[in-house]
Amino acid sequence: MVNQKKILEINELETSFFSDDGKIAAVDHVNFDLHEGEILAIVGESGCGKSVTSLSIMGLVPSPPGKITNGEILLQGKDISKFSEKEMRKIRGNDIAMIFQEPMTSLNPLFTIGNQISEAILIHNKSWSKKQVRERAVEMLRLVGLPRAEELLNEYPHQLSGGMRQRVMIAMALVCNPKVLIADEPTTALDVTIQAQILKLIRELNDKFNTAVLMITHDLGVVAETCQRVIVMYAGQVVEEATVQEIFKNPKHPYTKGLIQSVPDMRYKKESLYSIPGNVPKPGSVKVGCRFAQRCEFATDRCLTENPALYELSSSHKSRCFLVEEEGGSVNGKESLVESK
Amino acid sequence: MEKKVLLKVSNLKKHFQIRSGMLGKESGSVKAVDDVSFEVFEGETLGIVGESGCGKSTTGKTLMRLIEPTDGTIEFDGKNITTLSKKEMRKARRDIQMVFQDPYASLNPRHKIRKILEEPLIVHGIGNAKERAEKVEKYLNIVGLSSYHADRYPHQFSGGQRQRIGIARALMTNPKLIIADEPVSALDVSIQAQVLNLMKELQEDLKLTYIFIAHDLGVVRHISNRVGVMYLGRMVELAQSESLYEEPLHPYTKALLSAVPIPDPDFAREQIILQGDIPSPSNPPTGCAFNTRCPYATQSCREQNPTLQEVKPGHFVACHLYEQVKQ
């Protein structure tokens, strides 16, 4: 994994929302890299900043009230966070594509499937003939496993089921062979049997085209089945980063541990589930100390007064917890900046 | 010890009519619940699982007669409640309460928590003002909230807390049976675990019986004693939860269980990936409803609808594959 080329680098990203109460950082100095051909998961509960991170990469943060207030997003070395809207349009769909949670609302109900896929093709390939566009659209629909591709071009979104619509969304996203696919909760609105189909499709496409996938999800089961590396977010920060093996077998951050333990695993019946006490803090409410300290059973005085950095245990495993520092975790270059702030 | 049957559902049907054309002629019907029978024993949790459109929520609402059944009988505590008048039914609901999925939509945003919790008591004429106030306090404490929360509005609570309020409201009339329709699916995992543990504790302390309707198979296994699987308006399998999860018999149950993502990267298994989508309930296939997606479907599956039969003690399945086994 380490030898692989970085396709996307997120450095010190801070995305804030401005309200009457002042600036609130929904994404707070987040760092991570996405390598060529890998599937990386961002996991976390509602409000942890995982969706805002993905919208920041796409340049789709609603502004106002939102704004990228710090950091850079490097796509193959170029900082796209500074791009103009016009430049971003060339990137979106062409280099980075996104699929959303709600296949029902992300397709336009007034246009046929063919219309919508052709639009995605034509935006980036203006010179293509009608016939070429149509052929490409049919090819994509077949690729994502949709039957009757030619007929589907003339149908409207409401004529399709949820799973089929999500397949159309994936076809649209992949139509220009993007290097990065961001999938924001792609199967949350779908039933389990359909979810299994879509996850299999994403794995196959990742394999076939070497498209890097950034999978945003709250479901640890989906993470275990599709991803190679995992980033756990809590209250706007990355709290742990590791390979999928390490996250599940040797989690270091108390939040990650709690999260894994609180999932009811279908294979066993437990008398009582582990539950993390309390609630996720409101964004911006924890000013000093570890953001998880209020709910953490290992919290000490230090956790309430000092901000933990993202300590590195090995080149592939990082955790934002003082316990890891005591175990010998060190702070590397990028991160030391955060702590000194 | 013979277990007491608290709720007995026989041949329950709910068909919604489809009207079309200018005169609104009946052009067909959606068989949301089609000939479903089961029993619920006192003190147990019966889980009902299935994918969207399988009729699990309609079943739940029909049991309370929030939706009137088209056919079939529902016996609660030995009494047939399908023939009760609206007024009598309202009284009967004192013993059957419901917890809903969306804690944001099921609490009136303009009422304080006190009013929301007192309302079932007022409707059923229980206690005077003082007793009601005491009860509100008592149940807020039982579900893990504090007495001062009574004077707040729903928007001041988080999703998990709102679901606790929804549970407290259901408990106010000391019901025997609680029908919980996807009570934790709108909550985050860490909060979901809190609410599930609370529901389990309450069941032991207050001797409650639950019907737990959900799509998340992990959650259902965790809370249920017995589990029923629904597909396209029919109950296709019903068994003790251990036996259903360890040895599923119906091909649909097998596929459903194998499709659930397991939070363990080392877990290897053969996934059965079903082809296609659930057929439309307004135009279900003839014969077994699952025959269009079933890898084992035979001619008889396309012609005859299998009935739910007990193939092992306590394990019911509606599938032609098991009929020979029994004979």
From B:H215 atom NE2 to A:D191 atom CG, the distance as rounded to the nearest 0.5 Å: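 These two atoms lie 7.5 Å from each other.
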
Below 4.5 Å from any heavy atom of chain B, which atoms of [X] appear? Answer side chain, backbone, both or neither.
{"X": "A:P147", "answer": "neither"}
{"X": "A:V223", "answer": "neither"}
{"X": "A:Q245", "answer": "both"}

Working for side-chain contact (heavy atoms from CB on, under 4.5 Å), residues A:N279 and B:Q161: CA-CA 9 Å; A:N279 291 300; B:Q161 288 173 319; 4.2 Å; yes

For each of [options], tally heavy-atom pairs with chain B at distances under 4.5 Å, and name the one with the top tally.
{"options": "A:S272, A:P277, A:C227", "answer": "A:S272"}
{"options": "A:G163, A:G258, A:G278", "answer": "A:G278"}
{"options": "A:Y274, A:Y255, A:Y268", "answer": "A:Y268"}

Relative to chain A, which segment of [X] carries a heavy atom at a distance below 4.5 Å: side chain, backbone, both, or neither?
{"X": "B:L217", "answer": "both"}
{"X": "B:D264", "answer": "both"}
{"X": "B:S185", "answer": "neither"}
{"X": "B:I272", "answer": "neither"}

Surrounding [atom1] of [X] (heavy atoms of other residues, nucleotides or ligands, distance under 6.0 Å), is the total greater than 12?
{"X": "B:Y296", "atom1": "OH", "result": "no"}
{"X": "A:Q294", "atom1": "CD", "result": "no"}
{"X": "A:K282", "atom1": "NZ", "result": "no"}
{"X": "A:Q159", "atom1": "CD", "result": "yes"}

Distance-minimising heavy-atom pair for [X] and [Y]:
{"X": "B:L257", "Y": "A:M266", "value": "O-CE, 3.6 Å"}
{"X": "B:A259", "Y": "A:V192", "value": "CB-O, 3.7 Å"}
{"X": "B:I262", "Y": "A:A224", "value": "O-CB, 3.3 Å"}

Test item: side-chain donor near acceptor, B:S190 and A:E45, under 3.5 Å: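 On atom types as modelled, these side chains qualify, holding a pair under 3.5 Å.
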
Residues of residues 200-213 of chain B within contact distance of chain A, non-hydrogen under 4.5 Å: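 At a heavy-atom separation under 4.5 Å, chain A is reached by B:K200.
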
Using a 4.5 angstrom heavy-atom cutoff, name the option from [options] with the most pairs to chain A.
{"options": "B:S241, B:G159, B:A193", "value": "B:A193"}
{"options": "B:V189, B:L274, B:V260", "value": "B:V189"}
{"options": "B:L196, B:L256, B:D266", "value": "B:D266"}

Taking [Y]'s backbone N and O only, do any of them form a donor-acceptor pair with [X]'s side chain (distance below 3.5 Å, no angle check)?
{"X": "B:D188", "Y": "A:S46", "value": "yes"}
{"X": "A:E225", "Y": "B:P265", "value": "no"}
{"X": "B:Q194", "Y": "A:I276", "value": "yes"}

B:Q192 vs A:S262 side-chain heavy atoms within contact, under 4.5 Å: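 Result no, sub-4.5 Å side-chain heavy-atom pair not found.
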
Cation-pi check, A:R267 onto B:Y245 ring (under 6.0 Å, within 45° of axis):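 A:R267 over B:Y245 ring: no.
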
